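Heads up: the structure comes next, in structure tokens.
By convention in this document, chain letters (A, B, ...) are assigned in the order of the sequence lines, proteins followed by strands, and residues within each chain are numbered from 1. These numbers come from a predicted model, not from an experiment.
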Protein chains: 2
Amino acid sequence: MLNSIIFYSLDKAIRSYRRMAQANIDRAGLDITVDQWLVLRVLLEHNDLTQQDIAERVFKDQASVARMLALLVKRGLLSAIPLPHDGRRTQLRVSAQGHQMLEAVQPIVLDNRAVALAGIGEDELAVLRQLLERIALNCTPVSN
Amino acid sequence: MLNSIIFYSLDKAIRSYRRMAQANIDRAGLDITVDQWLVLRVLLEHNDLTQQDIAERVFKDQASVARMLALLVKRGLLSAIPLPHDGRRTQLRVSAQGHQMLEAVQPIVLDNRAVALAGIGEDELAVLRQLLERIALNCTPVSN
DNA sequence: ATAATGTTTATGATATATCATAAACATTGC
DNA sequence: GCAATGTTTATGATATATCATAAACATTAT
């Protein structure tokens, strides 16, 4: 039975959530993906991250992040100013338009979360988080 | 804090697991992805599924499944025999090579699972499954 | 029968996932 | 200084994710 596989349930939960979340963002007329939102959020909270740094925070790889950044810049949600001391890197800043987008998305994100977690108590949530962290740690190569 | 977001933990867990699982399959010299494996497993257990049926079982959409099926056929893991009574559909059967692949992958899958769930008890697993099912249900549009 | 409707598959377009590698650049050891 | 080494970004190739839509076909109502 596939239903007995825990990763089946895991996959099901995350995919169901992502679809619901994206549908609600789309319905609000906002042109951003859940993944782009997450990257933008990370960039809002941290300056001077390399693509690798960002990748680790959003559980993607550097190549995926490179392409997402290019898209975010192209869409005007992010600005990339060349850094003088290293010709490869740029200074990434959420643009005014990006800030607007984040603000517009914020209430939807909160709502999505409430819908997804309806009927689940704080204590259960803590247990869930703990178990998920355990799994992630178990699966992490270097166990750093 | 991103760490306080439950979906961050969810995403982290599933992505960590998928990478570990795929790395182990690759290391064994087996040329199949985790997603292809899942589709093949579904086809082994059910005959006469439409692409939509398969998609619902693996939480993808019909278009993704169509492309995966084409790949599986191209790789000789699946055979697609045209059905006489409906010119669009084909009869999908796991090929001999596909069976061999499933058998080769099976021990790795079990091992992956053990690694990922190390230190997590049966009772905790049941709680985890229940919470994940609840989230998936909460996020499902029609609530069927 | 035929038109309207529904089902199923295929595919274009775009985004993300990932590996591998190239290119550009910085740093370090000598 | 310069070669070796390490870092950072970009991109080709391939797979998956998803929406939208076209094409092929089946079914149903009349």
Pair Ser9(A)-Glu133(B), side chain to side chain contact (heavy atoms under 4.5 Å, CB included): steps then yes or no: CA-CA 6 Å; Ser9(A) 304; Glu133(B) 293 290 344; 3.3 Å; yes
Contact boundaries on DNA chain C for chain A, cut-off under 4.0 Å to non-hydrogen atoms: dA15(C) to dA26(C)
Leu49(A) or Arg18(A), whichever maps to the more 5' nucleotide of DNA chain D: Leu49(A)
Between Gln22(B) and Thr33(B): side-chain donor-acceptor atoms closer than 3.5 Å: no
Lys/Arg-Asp/Glu bridge criterion (N-O < 4.0 Å) met for Arg89(B), Asp53(B): no
Watson-Crick or G-U wobble mate for dA4(D), both contacts under 3.5 Å: dT27(C)
Close side-chain approach of Ile14(B) and Phe59(A), heavy atoms under 4.5 Å: no
Sugar-phosphate, base or nothing in reach of Gln62(B), heavy atoms under 4.0 Å: base
Closest-nucleotide ordering on DNA chain D, the 5'-leading residue of Gln52(A) and Lys60(B): Gln52(A)
Touch class at under 4.0 angstrom, heavy-atom based, for Ser64(A) against every strand present: base
Base-pairing assignment for dA17(D) (Watson-Crick or G-U wobble, both under 3.5 Å): dT14(C)
Sugar-phosphate only, base, or nothing, as touched by Asp35(B) at under 4.0 Å among non-hydrogen atoms: sugar-phosphate
Candidates Gln62(A), Arg67(A), Glu56(A) - the one meeting side-chain hydrogen bond (donor to acceptor under 3.5 Å, both in side chains) with Gln51(A): Gln62(A)
Lys/Arg N to Asp/Glu carboxylate O, Glu45(A) vs Arg41(A), below 4.0 Å: yes
Touch class at under 4.0 angstrom, heavy-atom based, for Arg19(B) against every strand present: sugar-phosphate
